[in-house]
Protein chains: 2
Amino acid sequence: MPVTIRDVARAAGVSITTVSRAFNGYDDVGPDTRKRILKVAKELNYRPSHVARSLVLQQTQNIGLLISDFNANRGAHHFLFDVMVGVHDRLASMGYDVTLVSTTTARQRLISYIDFCTERRLEGVIVMGMRLDDPYMQEVAEAKLPSVGIDLPILSRYCGYVMTDNVNGAKLGMQHLLGKGYRRIGFVNGTQKAAVSVDRLRGYQLALEAAGLGTDPDLIVHSNFLVEGGEAATEMLLSRVPDLTAIFYASDLMAIGGMRYLHRVGKRIPEDVAVMGYDNVDVGEWSTPALTTVSQRRYEMGLYAADMLIGMLQHDEEPGGRLLPSELVIRQST
Amino acid sequence: MPVTIRDVARAAGVSITTVSRAFNGYDDVGPDTRKRILKVAKELNYRPSHVARSLVLQQTQNIGLLISDFNANRGAHHFLFDVMVGVHDRLASMGYDVTLVSTTTARQRLISYIDFCTERRLEGVIVMGMRLDDPYMQEVAEAKLPSVGIDLPILSRYCGYVMTDNVNGAKLGMQHLLGKGYRRIGFVNGTQKAAVSVDRLRGYQLALEAAGLGTDPDLIVHSNFLVEGGEAATEMLLSRVPDLTAIFYASDLMAIGGMRYLHRVGKRIPEDVAVMGYDNVDVGEWSTPALTTVSQRRYEMGLYAADMLIGMLQHDEEPGGRLLPSELVIRQST
DNA sequence: TTGACAATCCAAAACGTTTTCGGTAATTTA
DNA sequence: TAAATTACCGAAAACGTTTTGGATTGTCAA
């Protein structure tokens, strides 16, 4: 149905070779024939088939954006969307297509996600939202498919990653809190299965050490990055340590949840207890009080992940681990 | 580099025809040879090339998810993400791949987005986030490429849409406000260029009419769906109509912004002025006071859009306009 | 005038599948 | 026993490109 190179060759009275050459800017085609070919092609509305070209060139210019449990991770949009935009922006501008891949799809079809990618001849893949205990993590680590993980620190010949420098980020947040004079600081962490959680915990501990304070296990509780989780965690924390004066949350959403609980029990923020988040999502700006937080450059994470992948694909660069710095965003909750 | 059907055929001592048939479940291949082929294929780690198959079958099983100005529409994630998940969910489960397309990409390459799609032989496309004045709108309306718009009410032989029943949704919201006794109700609408805005305005007016009230143009102001816009619009509205008792916002984000302004100027919500939003995004639950709103079933919108497209592709169904009902979500801001 | 050389062009193979049209051997039917 | 049917398999064409290795002119220098 669609018009092929053969159609324009016939219409222009040349061979398909010449049409192909004219289209790809080769120099051994006469200026008049080239013009004629281009004119005919435009008239016929010819569009070269990307799939035919992919087949003969043995490269699809197509890279996968793998999102772990895309459909189950609602609420993750506060973080994932910007990253996606960054990834797509850079990839698209470099001429790559990006196809959405969810681990759920692979699971449904009972094939490994690597198989899914090789069937489609994806040239590489960017992985987001994956937990350390995800059964597919092993796969991305061992696969020969060039890939870069976001917040997934695995490094191999074919796999790099980009993530925020979470230990320094957490340290930054804690230093701010400590500088304000807070001493009994609770820490509501995310899932232990998330790579970022172990780093943020470490940053929390390092900052306390540096301040000459020990870490009280009672002050630490793990949750799920979401509002409800933060709310529940805060309740537990406060019942365990009634005299705490500040809480550091490993995500803004949990901080929002925490503030909700604190409001409910009549605690003033930050007078009674100070609240600090992590991520710098838009919601934090809108809360009352506005949330002090540690920023993550989500869009740039996507950009750099794409850059790294492109580097591997086009210039055979070694994958690495890239850490992005984070900044303090001071608002009213501390 | 990757192993082909020819490799499998040679290793199994059969022709490629037989391998193909064995893989596609035809019945004219002996049970023992089939088993042997499958075994050999597994050993060799053979994965049929989707692109070769696409070429010969003349169908890619690939559909585009076109997001208008993907990178410029940050902040739209509150709405778009869920829709994307819905679209991908349904499409993936039906065996379709989905590739991300942004109008920015097309603009960069100076080609129409339709050309972009036909080059890749996308079988259809789902369009989101597009304004009525978008230069690409004409294209999707006239193209022969099967497409369905989300919140983009254009109907043609090849183009359907799904959106919320915004006029009834807005009516619902207004009825709630009117039922509570509010009479001077401001309306902060979204961009006039968005299809949903004209419907919501209409719902606002119809509800007023039904209540025997006229519409005061001073009570209506257009903004941009975002928090800052809502904030500014509220200021303007309040300066123009100091005696208003309630404000209906065409998006939750604008309502958040409005509440922020109202707080700042010392107005109590809902005692001094009641606030109602639209969309039912998660942020509305977390605001203080929690936001009364009209829900949109974003995930389902994606699902149904995918359904409609699949119907067109597989069963040659006529595209239509599907309206989803919306519900009132009553919380504390009214 | 002839050889070399540039400027244009084309035929055919290749990419990895699916499918049509047979072909052979074994089995059944008459 | 001959004919017809069935079960299984293969050769080759096709899908729409790119690219290799010439082929055919025309031009220019010797």
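Here the structure is a predicted model, which means the values were calculated and not measured. A note on names: the letters A, B, ... follow the listed sequences, proteins ahead of strands, and every chain is numbered from 1. Computation of the quantities below employed the complete heavy-atom set of this structure, encompassing side-chain atoms and omitting hydrogens, waters and symmetry-equivalent molecules.
By the 4.5 Å heavy-atom criterion applied to side chains, A/Phe116 and A/Leu66 are not counted as neighbours. Contact check for A/Leu309 versus A/Ile126: side-chain heavy atoms found under the 4.5 Å cut-off. The side-chain heavy atoms of B/Leu91 and B/His88, taken from C-beta on, include no pair separated by under 4.5 Å. By the 4.5 Å heavy-atom criterion applied to side chains, B/Arg120 and B/Asn62 are not counted as neighbours.
Each end of the helix from C/dT1-D/dA30 to C/dA30-D/dT1 gets its own axis from five base pairs, and the two axes differ in direction by 50°, given to 10 degrees.
Using a 4.0 Å heavy-atom distance criterion, B/Thr17 is classed as a base contact.
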Which donor-acceptor pairs under 3.5 Å do side chains of residues 142-149 of chain A form with protein atoms, sequence neighbours excluded?
residue, atom, partner, partner atom, Å
A/Glu142, OE2, A/Gln138, NE2, 2.8
A/Ser147, OG, A/Leu145, O, 3.4

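Counting 5' to 3', DNA chain C first comes under 4.0 angstrom of a heavy atom of chain A and last does so at the ends given by C/dT8 to C/dT17.
Here the side chain of B/Asp115 pairs no donor or acceptor atom with the backbone of A/Arg47 at under 3.5 angstrom. With hydrogens and angles ignored, the 3.5 Å screen pairs no side-chain donor or acceptor of A/His78 with any backbone N or O of B/His77. B/Arg34 places a side-chain N or O within 3.5 Å of a backbone atom of B/Tyr26 that can act as its donor or acceptor partner. A/Glu139 contributes a side-chain N or O that, together with a main-chain N or O of A/Ile114, makes up a donor-acceptor pair within less than 3.5 Å.
Heavy atoms only, all atoms of each residue included: B/Val3 and A/Arg121 are closest at O-NH2, 4.4 Å.
In this pair, B/Tyr113 and B/Tyr136 present their aromatic rings perpendicular. The plane angle is above 60°, beyond the 30 to 60° band.
Within residues 38-58 of chain B, the residues having any heavy atom under 4.0 Å from DNA chain D are, by residue number, B/Leu55, B/Val56, B/Gln58. Looking at residues 20-30 of chain A, you'll see A/Ser20, A/Arg21, A/Asn24, A/Tyr26 sit with a heavy atom under 4.0 Å from some atom of DNA chain D.
Sorted pairs that involve residues 127-137 of chain B and meet salt bridge (Lys or Arg N to Asp or Glu O under 4.0 Å), not counting sequence neighbours, are lacking altogether.
Between A/Asp32 and A/Lys35 there is no salt bridge, since no side-chain N of the basic residue sits under 4.0 Å from a carboxylate O of the acidic one.
Each of A/Ile16 and A/Asp32 lies near DNA chain C, and the nucleotide nearest A/Asp32 is the one positioned closer to the 5' end. The 5' end of DNA chain D is approached more closely, in terms of each residue's nearest nucleotide, by B/Thr33 than by the other of A/Thr4 and B/Thr33.
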